[in-house]
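Just so you know, residue 1 is the first one in the sequence shown, and it goes up from there. When reading the values below, keep in mind they use all heavy atoms of this one structure, side chains included, and skip hydrogens, waters and symmetry mates.
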Amino acid sequence: MPTTTHEVVMVHRMLRREFRAAAGRVRGVRHGSRAQVRLVADRLALLLDTLHQHYRGEDALLWPELAERLPEHGELWKRMWGRHAELSALLGRAGALIGPWAAAGASAHAEELATAFDQVSRAVEEHFDVEEREVLPLVPAVVSRAEWDGIGAAAGAAAAAAVPGRKLLTVLGMILKEAEPGEQVLIMARVPLAPRVRWRAVGERNYRRLEQRLEEAVGHG
């Protein structure tokens, strides 16, 4: 069976969508409602953590393999590692603003925080465009399906270990939100057993409630 990298594109699709919405959520949340501000702040922090985990996994599990097997693309690997370093700096700046913004009930630092997330969103779009256009098409020729499955399993286990259970289910919900049935099967196959069981038992229902509350917090409910 050939190697497919579509699950990476699905994660990218989720991150693109959520980062596009982030600045609007900062600007739209109702000032003074600390519960609603905290809800938005938690989503912003989770997005930053999720993106960090995503490129940390690539740095540890994917880029070294590709760099070893495709040395003729050395400039591409340098560029991708460099983009991760640039993203890390942007994430750090955005993350440092979330706490002060939330502590002020969204009445201070709002435009600064929104601008920071706009910058992250643009950088994410550019980085993912390059990755999907120049990197992912190279993978099937040099990484077997079994190896790719092993990378996916290792990435899933690392995420499960690094992200608390409830937040992990929120990330899963965000990925599955716009997924077709076949895509859902592809993603669920990467999810370790324990969170997969929790998702089916309570996670999906809780995620839908959380999304409704988030929409209400920014005036879309």
Side-chain angles (χ1 to χ4, degrees), residues 10-57 82-129 159-179 195 198-199 202-221:
M10 291 177 63
V11 173
H12 288 180
R13 183 172 66 197
M14 176 274 287
L15 289 168
R16 289 176 191 264
R17 182 191 71 234
E18 292 291 327
F19 275 107
R20 285 182 199 132
R25 286 168 173 164
V26 172
R27 295 183 175 109
V29 70
R30 295 172 182 138
H31 294 186
S33 174
R34 293 195 177 274
Q36 292 183 328
V37 171
R38 175 47 55 191
L39 193 66
V40 173
D42 287 346
R43 175 57 62 89
L44 298 177
L46 180 60
L47 280 179
L48 297 179
D49 287 344
T50 301
L51 180 55
H52 177 73
Q53 287 296 325
H54 176 69
Y55 70 64
R56 185 178 179 183
R83 285 180 177 270
H84 280 186
E86 293 168 6
L87 270 172
S88 182
L90 290 174
L91 298 188
R93 284 197 290 272
L97 292 167
I98 294 174
W101 173 78
S107 63
H109 307 286
E111 192 54 35
E112 190 179 1
L113 179 61
T115 298
F117 269 90
D118 276 336
Q119 291 173 342
V120 173
S121 180
R122 286 194 295 272
V124 162
E125 295 277 4
E126 292 171 4
H127 177 63
F128 288 167
D129 283 348
V163 181
R166 184 175 296 180
K167 291 183 178 181
L168 184 65
L169 294 182
T170 299
V171 174
L172 179 58
M174 291 191 295
I175 296 172
L176 295 175
K177 184 176 182 178
E178 297 178 345
R198 289 199 303 274
W199 171 257
V202 298
E204 184 174 9
R205 181 172 64 251
N206 289 344
Y207 172 73
R208 288 176 178 171
R209 289 173 180 168
L210 178 62
E211 288 298 285
Q212 182 177 355
R213 290 170 55 212
L214 187 60
E215 290 300 300
E216 292 169 352
V218 296
H220 297 160

Asker: Do Leu39 and Glu216 pass the side-chain contact (heavy atoms from CB on, under 4.5 Å) test, and can you show the C-alpha distance, the side-chain angles, and the key distance before you say yes or no?
Answerer: CA-CA 10 Å; Leu39 193 66; Glu216 292 169 352; over 6 Å; no
Asker: Go through the steps to decide whether Leu51 and Val124 satisfy the test side-chain contact (heavy atoms from CB on, under 4.5 Å), and finish with yes or no.
Answerer: CA-CA 9 Å; Leu51 180 55; Val124 162; 3.6 Å; yes
Asker: Do Glu126 and Arg122 meet the salt-bridge criterion of a basic N to acidic O distance under 4.0 Å?
Answerer: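 Looking at Glu126 together with Arg122, the answer is no, because their closest N to O distance does not fall below 4.0 Å.
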Asker: Can you classify the ring geometry of Tyr207 versus Trp199 as parallel (below 30°), tilted (30 to 60°) or perpendicular (above 60°)?
Answerer: tilted
Asker: Mind checking salt bridge (charged side-chain N to carboxylate O under 4.0 Å, His left out) for Arg34 and listing every partner two or more places apart, or none if nothing turns up?
Answerer: none
Asker: Which heavy atom of Leu113 sits nearest to which heavy atom of Ala94, and what is that distance?
Answerer: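 Heavy-atom minimum between the residues: CD1-O, 3.6 Å.
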Asker: To the nearest 0.5 Å, tell me how far His127 NE2 sits from His12 NE2.
Answerer: 6.0 Å
Asker: Ignoring hydrogens and angles, write down the donor-acceptor pairs under 3.5 Å from the side chains of residues 101-111, residues two or more places apart or on other chains.
Answerer:
| unit_1 | atom_1 | unit_2 | atom_2 | d |
| --- | --- | --- | --- | --- |
| Ser107 | OG | Ala104 | O | 2.6 |
| Glu111 | OE1 | Arg27 | NE | 3.2 |
| Glu111 | OE2 | Arg27 | NE | 3.4 |
| Glu111 | OE2 | Arg27 | NH2 | 2.8 |

Asker: Is any side-chain heavy atom of Glu178 less than 4.5 Å from a side-chain heavy atom of Met14?
Answerer: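 Not touching, per the 4.5 Å side-chain cut-off.
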Asker: Heavy atoms only: give me the nearest Ile98-Ala41 pair and the separation to one decimal.
Answerer: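 The pair with the smallest heavy-atom distance is CG2-CB, 3.8 Å.
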Asker: Can you tell me how far the CD atom of Glu204 sits from the CG atom of Leu172, to the nearest 0.5 Å?
Answerer: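 Separation between the atoms: 9.0 Å.
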Asker: Could you give all pairs that pass the salt bridge (Lys or Arg N to Asp or Glu O under 4.0 Å) test and reach residues 84-109, with sequence neighbours left out?
Answerer: none
Asker: If I compare all heavy atoms of Arg198 with all of Gly165, which pair ends up nearest, and what's the gap?
Answerer: NH2-CA, 3.8 Å
Asker: List, one per line, each side-chain donor-acceptor pair under 3.5 Å for residues 42-50, sequence neighbours excluded.
Answerer:
| unit_1 | atom_1 | unit_2 | atom_2 | d |
| --- | --- | --- | --- | --- |
| Asp42 | OD1 | Arg38 | NH1 | 3.4 |
| Arg43 | NH1 | Glu18 | OE1 | 3.2 |
| Arg43 | NH1 | Glu211 | OE2 | 3.1 |
| Arg43 | NH2 | Glu211 | OE2 | 2.6 |
| Thr50 | OG1 | Leu46 | O | 2.7 |

Asker: What heavy-atom pair brings Leu169 and Gly203 nearest, and what distance separates the two atoms?
Answerer: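 Scanning both residues completely, I find the closest heavy atoms to be CD1-CA, 3.9 Å.
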Asker: Could you report the tightest heavy-atom contact between Ala179 and Met10, atom names first, then the distance?
Answerer: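 Heavy atoms only, the tightest pair is CB-CE, 3.8 Å.
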Asker: Report the residues that fulfil ring pair (Phe, Tyr, Trp, His ring centres under 6.0 Å) with Tyr55, sequence neighbours left out, ordered by chain and then residue number.
Answerer: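 Only His52, His84 meet the ring pair (Phe, Tyr, Trp, His ring centres under 6.0 Å) criterion with Tyr55.
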Asker: Mind jotting down which residue pairs meet the side chain to side chain donor-acceptor pair (under 3.5 Å) criterion with at least one end in residues 164-176? Sequence neighbours excluded, please.
Answerer: none
Asker: Atom CZ of residue position Arg83 - does it have more than 12 heavy atoms of other residues, nucleotides or ligands inside 6.0 Å?
Answerer: yes
Asker: Are more than 12 heavy atoms, taken from residues, nucleotides or ligands other than Arg213, located less than 6.0 Å from that residue's CZ atom?
Answerer: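 For Arg213, atom CZ is not crowded (no more than 12 foreign heavy atoms under 6.0 Å).
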Asker: Which pair of heavy atoms, one from Leu214 and one from Val40, lies closest together, and at what distance?
Answerer: CD1-CG2, 3.9 Å
Asker: Using the ring of each side chain (for Trp, its six-membered ring), is Phe117 parallel, tilted or perpendicular to Phe19, with breaks at 30° and 60°?
Answerer: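 Ring orientation of Phe117 relative to Phe19: parallel.
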Asker: Just verifying a value: how many Å separate Leu15 CG and Glu125 CD, rounded to the nearest 0.5 Å?
Answerer: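 One gets 10.0 Å once the value is rounded to the nearest 0.5 Å.
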